Amino acid sequence: MKVTFGKAIGDALKEEMRRDDKVLMYGEDVAQFGNIFGLTRGMLDEFGPKRVRNTPITETAIIGSAIGAAETGLRPCVELMYSDFTTVCFAEIFHCVSKWRYMHGPEFKLPLVIRNASGSSNGAGAEHSNCVESLFMHAPGLTIVTPSCAYDAKGLLKSAIRSDNPVLFCEPKLLYQAKQEIPDDVYNSDYTIPLGLADVKRQGTDITLVAIGLMVPRALEAAEKLAAEGISVEVIDPRTIAPLDKDTIYASIRKTHRAAIVEEGNKTSGVGAELAAQFQEELYDELDGPVARIAALDVPMPYNIPMEHYSVPDANNIMETIRGMF
Amino acid sequence: MKVTFGKAIGDALKEEMRRDDKVLMYGEDVAQFGNIFGLTRGMLDEFGPKRVRNTPITETAIIGSAIGAAETGLRPCVELMYSDFTTVCFAEIFHCVSKWRYMHGPEFKLPLVIRNASGSSNGAGAEHSNCVESLFMHAPGLTIVTPSCAYDAKGLLKSAIRSDNPVLFCEPKLLYQAKQEIPDDVYNSDYTIPLGLADVKRQGTDITLVAIGLMVPRALEAAEKLAAEGISVEVIDPRTIAPLDKDTIYASIRKTHRAAIVEEGNKTSGVGAELAAQFQEELYDELDGPVARIAALDVPMPYNIPMEHYSVPDANNIMETIRGMF
Amino acid sequence: MKYENDFLLKIHKELLEMRLLEAKMVDLYAESRVPGHIHSGMGQEAAFVGVLATRKPGDYFKLAHRVVSSSYLVGDPLDTFFGEILAKKTGNSGGRGGINHTGRLCDGVLGMSGTLGCDAAIPVGAAMTIEAEGRDNVAFFFAGDGATNRGPVYEAMTLAADWKLPVVFVCINNGFGISTPTEYSSPVPNVMADKAAGFNMPSVVVDGTNVLETYEGASKIVEGVRAGNGPAVIECKCYRWRGHFEGDQCAYRDGAVTQMNMEEKDCVKNFEKDLMDQGVLTADQIAEMRESFDKEMEASIAHAEAAPEMTADEIFDYLYV
Amino acid sequence: MKYENDFLLKIHKELLEMRLLEAKMVDLYAESRVPGHIHSGMGQEAAFVGVLATRKPGDYFKLAHRVVSSSYLVGDPLDTFFGEILAKKTGNSGGRGGINHTGRLCDGVLGMSGTLGCDAAIPVGAAMTIEAEGRDNVAFFFAGDGATNRGPVYEAMTLAADWKLPVVFVCINNGFGISTPTEYSSPVPNVMADKAAGFNMPSVVVDGTNVLETYEGASKIVEGVRAGNGPAVIECKCYRWRGHFEGDQCAYRDGAVTQMNMEEKDCVKNFEKDLMDQGVLTADQIAEMRESFDKEMEASIAHAEAAPEMTADEIFDYLYV
Ligand SMILES: Cc1ncc(C[n+]2csc(CCOP(=O)(O)OP(=O)(O)O)c2C)c(N)n1
Ligand SMILES: Cc1ncc(C[n+]2csc(CCOP(=O)(O)OP(=O)(O)O)c2C)c(N)n1
Ligand SMILES: [Mg+2]
Ligand SMILES: [Mg+2]
């Protein structure tokens, strides 16, 4: 069947709520409206108003209550609408969600998921287009997931909901409509994808390209074209950004001896900064050149759509950078 | 005269408030109490209750009002007490302060300074010991300053107050009592230190060590000891973390061909991540080995003091890492 | 009526022009000429016109994503207004920020944050400038019923009240925050006014679809704030005619109620009827005004369409001074 | 008196022990045996004892940096209490979090954030669990007058009220947030209670230095919350005897007022006087209790002193499950 990324997320939520009645879901406009992207439509009817709840515009209370609910026995999966809104409950996520267990003792478990729609989307502007993964990588204790396709999104969200560690789950919103062919039996098999496991999306021998979220399809497109030019690109999707699956990525770099990272967010202090720093620190002798970072330009996201597109990497930007590495 | 880092900050504030009556200062407990570290004592008496104001515990309103005051003609210098509290007004700083001008047009100027006491201090724990520079490096538009000695602190704070761009001014709190000998006439000369200019704190030929804030004295101590072992360390204090003075740092790396960064904050997605990524990306051929990152362990800061000390780099950690690079 | 004709005609002109602007934005959006989203404020114009009829030069305004044509009301020329909507260099920020971040300091428009509530204390800061300069101006804060639930709004109210600053907090209660009815999101019917006493502020609740009632309620409140009595709250009750954004089918609410509001509580139509009944205006005059303003708008849109867009080499401009 | 002796003696024991614990922490701190800061709650014990005399098994508690011995009140054994203060492995979190982050789920203590207000909605979430499980428990939120000004407190109140959850919001108004008097920081005298109506919550203001008055005021409120009427507010007026942290010279306030409060509003002394007047307790019994609890404390301190500290190889433990 053809499944959209958005449907996969909705289905993961429904399946987990059917499986475990401790799981509940809340956020702004997720009930009657079914979330502003339509992802949670039908859930209010199926699970009722105690397990599928609208909230007022109170992001700190969404996160705070999720902590309180999670530590006392529920498994809240909450939604922050836009990833940018993690910044209005930043302390709650950075200090409390991430560190709560460490600071309070092993008795404390926080089985909670914070979903958020991430990245740019046609003129959404500087406050509705951010990628926040790298900000939260700086907070020890948080698991950060960014899927790139419907299959992964479903399996990863199910794992996130089942995890006893708190998970920040970032959904590149330009992917919501992206379709993927998945065999029915596989899609409906209650499969999960382990957190912390990267996926080699394309085999290659000349360079390891770590691509995140929306950048994965663009990286694959670039890889296809570069193959015609004689450059064989291995595309790895970490899927879980923290903790990172170094084994898979490092094995690839040991094979290709070149590495680049492509992400949708701003370059400075982005995910690529940490990854590039790690790669060169830990695999210096394996690398035949610098680790390249391909990322958004360091500007607030312009409202003007041509400039928005210009500021975010596309397949051409990726190809250009990679060509320059040989 | 011997001047403490803390006194230098207080004097900078006073001198700028005397010089320009548009400058005002507010935050929690800065008036009668003179700030919890005693830095602003006497200022209420000198400048009166309209220019030196206590606020309630309302960090978002401190930042928001500073924006409104700054764009309409005042020059607020506000205080967030602990750097950790930038996380409770994160959106206000990350989205509004940093991007306000870009989003609203060239007519808008934000001459405001956000002071905050940064880093660890004897059992202050996981929520009162953070360094936040790297989080805000991800927000285009903000100037970020972290001084390491009294002389610099005074000159940089004066420049920050005079700047028409918003400045996040991080004060390593373990330095407040640190004394520096500065000739009276120099100290009282109304000197300023330009934002965006790094300082070579120690000349060396074998390795460039970029050290930030509290790590500068520790880096100098390590450099002194390493000199005895035959390793000549050039210690560079960027002082302004964003925008970074690449000229000074890169010139040094071109000379030494080795680089390391030492910072007080958590390693993952810290300042060193961005700097290491940049150095290897832009100076690959100049480097004879990987850029090393020396930083705090990736744990919430433990309350237990021996573990707190263990988690933050000291001169020995620096020496060990640097020795390993040769 | 107790008002001078001039005043009534001015109010009417403002109301009508805002309505036409709101309608024009919907049309432009439907033609896919606008990036991002627009949030039509049709039906809510009187709340802005009524409250802002109390304004005077030197006042400041923290406006909101709805009703964006309020920036035109306080001085933004149509050319920069449409320039920004269409993301052209002639817009307020040259198309960098977009229509949901309109700022124009020369008119006192302080800018707005797309992250609701994060700009709540910005008028508080502007009021500090007013105080420092000893003027009798005020700073207006506008936000919706939904946004008012955010914490920074209460922090801003606290700071303004502690420091007795001239801030007028205006809540535009249009019954919804996206799909969520105010009765659900707020434990009290008047989201901001019912909390005013808890911050030691006077308040008034007005029918925000009745421009003169709104003006009268606001006048008393704003007078007190100008007089130095400290901040205060105005809550304007109205109804959001259209979806939250264009395309919203509003399946979460009763279409009949919407219909009723559009028919019975049309702030433009009702005011025009009163004015016509009293011989202040004729239907012909109104038709003429509509036509002439439509021409003005079309000219500005054409001007904007013809204007250049920012280019790649300009993308970093204005980030720093 | 209308209370059983058993009840009065239990209350007295709790009051006295909290006082002794607060005093002991000051001593330990003075001897430089405690990392970080402690915030002595001497003089404020009755607010906690009185409110929490309404508790029952299954309730949840979001406590605060002052009065930390409240965690002992609801069940934390002295060994883990002192273990945490002295940063030993026997502490609640093994010395990782510290005394200002005490949590003990087995007692219902939900943990606390050192970033004031960030934990405001945690009891709201615990109340969701109570609701889901259909229990008649409540979740208590405790915070100071200063912390109550933070936005997340209002967001938590809104969510709790919207969802009619069993949360008891308790504001311990001790007159100061560090050096800032409540009259300065708050536009209303009862920081939280004066705002309760704005969130559709009942409220009560009590003399938090009078343990029985506090208990009586709290009882009515907590009863309503347990009955499913939704959240409510209790505000306890008291006075912070000592500095914000140890070492604070309190130059910002009138020492005579402090003196007066310590002499006339000593919740332990006053209650003991009443009990002695009524023959419920004798001075000798009190002296004996003091002595015996002091021994208990000293034994626990010795136990903590003898306990190991976390070691470098354990520094990453418990970060993840
Ligand atoms: C902090 C934050 N949370 C959520 C949103 C998404 N959002 C945009 S408009 C809106 C509804 C606002 O409702 P209201 O304040 O009543 O204004 P209205 O749209 O009705 O004019 C929401 C939830 C946002 N922009 N910022
Ligand atoms: C968000 C935040 N801002 C500031 C502080 C610093 N701080 C710690 S305690 C305190 C005063 C708290 O006053 P109150 O809530 O009245 O409690 P009390 O200390 O009087 O018991 C302040 C400002 C903090 N911990 N968190
Ligand atoms: Mg609304
Ligand atoms: Mg207090």
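Below, read A as the first sequence line, B as the second, and so on, with proteins coming before strands; counting in each chain starts at 1. Since the model is a prediction, treat every value here as computed from it, not as a measurement.
Taking the six-membered ring for Trp and the full ring otherwise, F90(B) and F136(B) have centroids separated by under 6.0 Å.
Neither the backbone nor the side chain of N100(D) comes within contact range of chain B; no heavy atom of the residue lies under 4.5 Å from a heavy atom of that chain. E308(B) does not touch chain D: none of its heavy atoms, backbone or side chain, sits under 4.5 Å away. For H244(D), no part lies near chain B; criterion is any non-hydrogen pair under 4.5 Å. With a 4.5 Å cut-off on non-hydrogen atoms, T182(D) does not touch chain B at all. Within the 4.5 angstrom heavy-atom criterion, only side-chain atoms of L319(D), from C-beta onward, approach chain B. When heavy atoms are compared at a cutoff of 4.5 Å, R96(D) approaches chain B solely by way of its backbone atoms N, CA, C and O. In this structure, the portions of D29(B) lying under 4.5 Å from any heavy atom of chain D include both its backbone and its side chain.
For the residue pair E264(B) and S120(B), a side-chain donor N or O sits within less than 3.5 Å of a side-chain acceptor on the partner. Side chains of E127(B) and T115(D): a donor on one and an acceptor on the other come within 3.5 Å. Between the side chains of D248(D) and Y252(D), at least one donor-acceptor pair of N or O atoms lies under 3.5 Å. There is a side-chain donor-acceptor pair under 3.5 Å between N173(D) and E235(D). Remark: the R150(D) side chain and the T58(B) side chain contain no N/O donor-acceptor pair separated by less than 3.5 Å. Between K7(B) and Y176(B), the side chains place no donor N or O within less than 3.5 Å of an acceptor N or O (distance only, hydrogens not considered).
Chosen from I99(D), L86(D), L116(D), the residue pairing most often with chain B at heavy-atom distances under 4.5 Å is I99(D). Chain D forms the most heavy-atom pairs under 4.5 Å with one residue out of D84(B), N122(B), N54(B), V299(B), and that residue is N54(B). Ranking L297(B), I305(B), V88(B) against chain D, the residue ahead of the rest is V88(B), based on heavy-atom pairs under 4.5 Å. Interface summary for chain B: among G98(D), A251(D), S186(D), the most heavy-atom pairs under 4.5 angstrom belong to G98(D). Each of G114(D), S185(D), G91(D) has some count of heavy-atom pairs under 4.5 Å with chain B, and the biggest count is that of G114(D).
The aromatic rings of H128(B) and Y82(B) sit perpendicular, their planes meeting at an angle over 60°, well past the 30° parallel limit.
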